[in-house]
Structures are given as C-alpha cells and as structure tokens.
Amino acid sequence: MSRAFQAPRGTLDWYGPRAALRRSVLDHARRVFESAGYGQVVTPTFEDTGVYRRTSGEGSDVVRKEMYSFQDRSGRDLTLRPEGTAGVMRAYLEHGLHRRPQPVKVWYEVPMFRYSSVQKGRYREHYQFGAEAVGSDDPGIDAELIALQARWYRNVDVTGLTLLLNSIGDDTCRPAYVDLLVAFLDEHIDELCEECRERRDTNPLRVFDCKNASCQAVLAAAPKITDHLCDACREHFAAVRAQLDARGVDYRVEPGLVRGLDYYTRTAWEWQWPALGAQSTLSGGGRYDGLAEQLGGPHTPGVGFGAGVERLVLTLEEMGAAEGVEPALDVMFAVLDDEARPRLHALMDEARAAGLRSDAAYGGRRLKRTLELASRRGAGRVVIVGEDEWGAGEATVRDMGSGEQRRVALDALVGELAP
RNA sequence: GUGGCCGUAGCUCAGCUGGUGGUAGCCCCUGGUUGUGGUCCAGGAGGUCGCGGGUUCGAGUCCCGCCGGUCACCCCA
C-alpha cells in the first residue's frame, strides 16, 4: 500500500466487472431517453463561478462550502460543475435554443464535483445521468421524465424503489403558503429544535427535512403546501399525477419533499432505495420555471432530473444483481510459429473487422496455457498455427465446446470463422 | 466541518496480554520434456505491516498527528 500516490479522497477508479456494470446502466439510460427524443448535450466541466453562484443561491450548501472554485492564470473565477441543470440552461440561453422546436430535450452523462464529506454513496467526484426538457411548462413533460426514469430503472432490474412526488407551488401561491407555515412555526417555536428555529428565518420549507422526531411530530400538523396551491399549480400537479396514473407509475405524494432554492417551482420528485443507507436518494428532479431569469434570460420553463450513477451501481450490487459481464471472446489466436505471426495477426485484424471478438495469446505462451486462457475468457474457438499448419498454409480451428478440430486454408480462415 | 469504528501481499484474511512478518486461500507467473483447455501437483513473484513522529532494550501490536476507508450528523445524486 505504500505508493507515492493514491486517488484523491472521494474519487473512484472504475475497472473490471464494476466498470462493465456501470456502462451497462448508462447504456440503458441512453437508450430509454433517446427513444423519447432526448439528444445528448455536453457542457463544459467548468463554468464561470457565477453560473452556479447565481442559480444555486448564496445560502445553499453547495455555494457556501462545496464548490471546487479556482482562478485560472488570467484570473477568471471558475468552478467545477457541481450540478447539471445550470450549465444546460446557460447553453440554452447562449445559443438561442428557444428558436428550436420546444421543448428542447437533452440528456447528459457527466462528472459532478462537490467538496463534501465522503461516505458510502457520496463522493467528491460523482457521475450523474440526467435529462432536461427546456421551454415548456406542459405537465406531460414532468410525467414523461418520471415515466422514462421508471422504465430505465425497470430495465436495469432495480426493484423496491420508492418514488416521492410533490408540488411546491410557484410565485403565485408559495409566498402565501410560506407565510402560513411561518405563522404555524411561530405558534410552536418552543417545541422546535434550534436548527428548525433558524430555518424559520432562512428557509422555512426546509424544516420538513428535519430528522428530529419531536419536530416531525409537531410538523405533522403543519399546513401542507399541497393544500394551498393556486388553481394553476393545483391543475398542473393533478395533470402530472393523472399521467403517471395512466402509465401505471406508482408514487407517494410527500408534502414534506421540498427544494431549497427559489427558482424551483411546482413538480419535485425523488427516487429512493431505502436500503442504501443514509444516501438513499438515487435521483432527484424537479421543475425550475424560474431558473432562466436567474441567469439573466427571459422566463423559460424547464424540468429535469439528475441521477447518481454510483448510487445506482451500489444499489444493483447490494441487490445481488448479476455482475456486469466483461467482454467475452469469440476467437483466440494461438500462433506457435514465429514466422507465422505477422500473417496470422493480420488475419486476426480481419476477423475483428468482420465482427468477431478476437485476441491473441501474447508473451510466447505454451499452447496449454493459451487454451486455458481461451476457455476462461469464453472463447468459442481457438485458431492454432504451428510449424505444420504454417508449412501447409493452413490453420487448425478448434471448437472449444466439442473439442473438435479441423484444418482450414489460411485464405479461407476468416470466412470459416465468421458466424 | 464534527463524532464512532477501521487500515497486515492486487483481493479475502491469520498474527494471543509488545519480543525476529504467515507453508493461508484467491489472483498472477513458471514447470510437470519437444503443440492441446475448463482439473491436479510442484515451484516462483509480490509486503518500508497506510504515512510520519513518540514511548520502549525491542512495536504490525501502545500513544499522537496526518492520509485513506466506513458508519452517523449534515447535505444531497
């Protein structure tokens, strides 16, 4: 273990079956979202610090203590991407994507960086698969994103997930609700913990996040946002639910599910897998009809989510899901004659080009070892060329299942091997 | 950022109350005569006992700091 370097705290190396599982999970996600017209977007790994500072809010934990911010050699203030939505919206505004058919639907699969305390399921560099639909406030988009996620999770065979759903209103109804909530908190201020009292001043909605049992008991009687939505928000929420119902997507309305930032509006949701431990949220999403203004743009509705790749992989592993399969082999080339090697390796390239997964035993191994490797790697056939075969311009093709062998002219080898 | 537990070969682990690092298993390499596998047998490689201080005649074993892991608070994905 005494190496000069190790991976920085909170970062992960991916290799072997875990890397294969990770890729499989992402393959499924891409397929599902592209089936619904979402296209890939890649935004920069770092942005002007303001992009995140302005959107996440000065009071947020992300901005206050979790950003990887730095100055480049020209003194520009930059920050490594802590979340995906702000950069996508910035790109939407910058490139005038409002001139495209709305909504603009994109998916991304990129690393996020947050300087937070590391524990299982929470890392300083983590990957998120996310999707955003910008330019429409149609509740059908909210439901579509959730339903697509449900299909993704089903396709990767993760079960036992809980979908929490809520509407947190908008500028029309939320301020009045917050006043109501604060009034309620003031009535019970003596029964609340110190943190909740602080939240009463800073961000009243977050009191619902308190894990203190006595606080929760008090809050059970608090006014619920879902009972105080304005007509437009109530109809929007009802439409989202109706579409989810019609799609057979199960969810639980959780009035305590909130978002801390002002630009979030209406729909909010989280997928959880409780057995994961403290970091049980697999993904979080919501509508952000106020975000574009924060970036200095015109009012532009949008909705999206970010899903933790590491957490999904962890969940699958803890569920005992089949490990990702490492690339198997169709053909192993065992070239025993040095003179034959150039020609045979050229033929191996042809086999590869023809779609046969092929590899050679390198390092001058004995045939016995090569066959052992071939069977371990699942190769169906082994091409053997020693002095005999080379002299005759042929190769021996061994079927690893039956053990049968036959000689084939080198000119016809690739054709013979092709399925 | 705070607190609990932990850190011996690539991996899984032995190592009693401090006295010279394990024939351990898996993995890797080689061999069991000259070209035949999913076995078996034999051999080999691989460790500054996370790093740095301290206590001691002597520390993998005790103390401190740091690094890393893990769990919880917090926050989120």
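Side chains are part of it too, since the values below use all heavy atoms of this structure and drop only hydrogens, waters and symmetry mates. All chains are named by letter (A, B, ...) in the order of the sequence lines, taking the proteins before the strands, and each is independently numbered beginning at 1.
Rounding to whole angstrom units, CG of residue Leu163(A) and C1' of A77(B) are separated by 15 Å. A straight line from NZ of Lys368(A) to P of C29(B) spans 14 Å, rounded to a whole angstrom. To the nearest angstrom, P of C76(B) lies 19 Å from OH of Tyr123(A). If you measure from atom CH2 of Trp273(A) to atom C1' of C76(B), you get 19 Å, rounded to the nearest angstrom. Put simply, CD on Gln149(A) is 12 Å from P on A77(B), counting in whole angstrom units. Note: CD (Glu372(A)) to P (C40(B)) measures 10 Å, nearest angstrom. Taking atom CD of residue Glu389(A) and atom P of nucleotide G35(B), one finds them 12 Å apart after rounding to whole Å. Remark: P of C74(B) and CZ of Arg122(A) are 10 Å apart, rounded to the nearest angstrom.
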*Report the C-alpha separation of Ser116(A) and Arg122(A) in whole Å, then their side-chain angles, then the decisive distance to 0.1 Å, and conclude whether the side-chain contact (heavy atoms from CB on, under 4.5 Å) test is met.*
CA-CA 8 Å; Ser116(A) 56; Arg122(A) 190 171 66 192; 3.9 Å; yes
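Side-chain N/O atoms of Arg376(A) include none lying less than 4.0 angstrom from OP1 or OP2 on U39(B). In terms of phosphate contacts, Arg9(A) brings a side-chain nitrogen or oxygen within less than 4.0 Å of OP1 or OP2 of G69(B). One finds a side-chain N or O of Arg366(A) lying less than 4.0 angstrom from the OP1 or OP2 phosphate oxygen of G32(B). Proximity of Gln119(A) to the phosphate of G69(B): no side-chain N or O atom is located under 4.0 Å from OP1 or OP2. Listed pair Arg369(A) / U30(B) meets the phosphate criterion, a side-chain N or O lying under 4.0 Å from OP1 or OP2.
Positionally, the nearest nucleotide of RNA chain B for Gly10(A) lies more toward the 5' end than for the other of Gly121(A) and Gly10(A).
No donor-acceptor contact under 3.5 Å links the side chain of Arg206(A) to the base of C75(B).
For Ser375(A), taking side-chain heavy atoms from C-beta onward, the closest of the listed nucleotides U2(B), G38(B), C75(B) is G38(B).
Across all strands shown, the partner of C28(B) is G44(B), judged by Watson-Crick or G-U wobble contacts whose two distances both fall under 3.5 Å.
Judged by distance alone, the side chain of Asp48(A) and the main-chain N or O of Val51(A) form no donor-acceptor pair under 3.5 Å. For Glu191(A) (side chain) and Val218(A) (main-chain N/O), no donor-acceptor pair under 3.5 Å exists by modelled atom type.
Using a 4.5 Å cut-off on side-chain heavy atoms (C-beta onward), Phe33(A) and Glu144(A) make no contact.
With ring centers used as reference points, Phe129(A) lies under 6.0 Å from Trp152(A).
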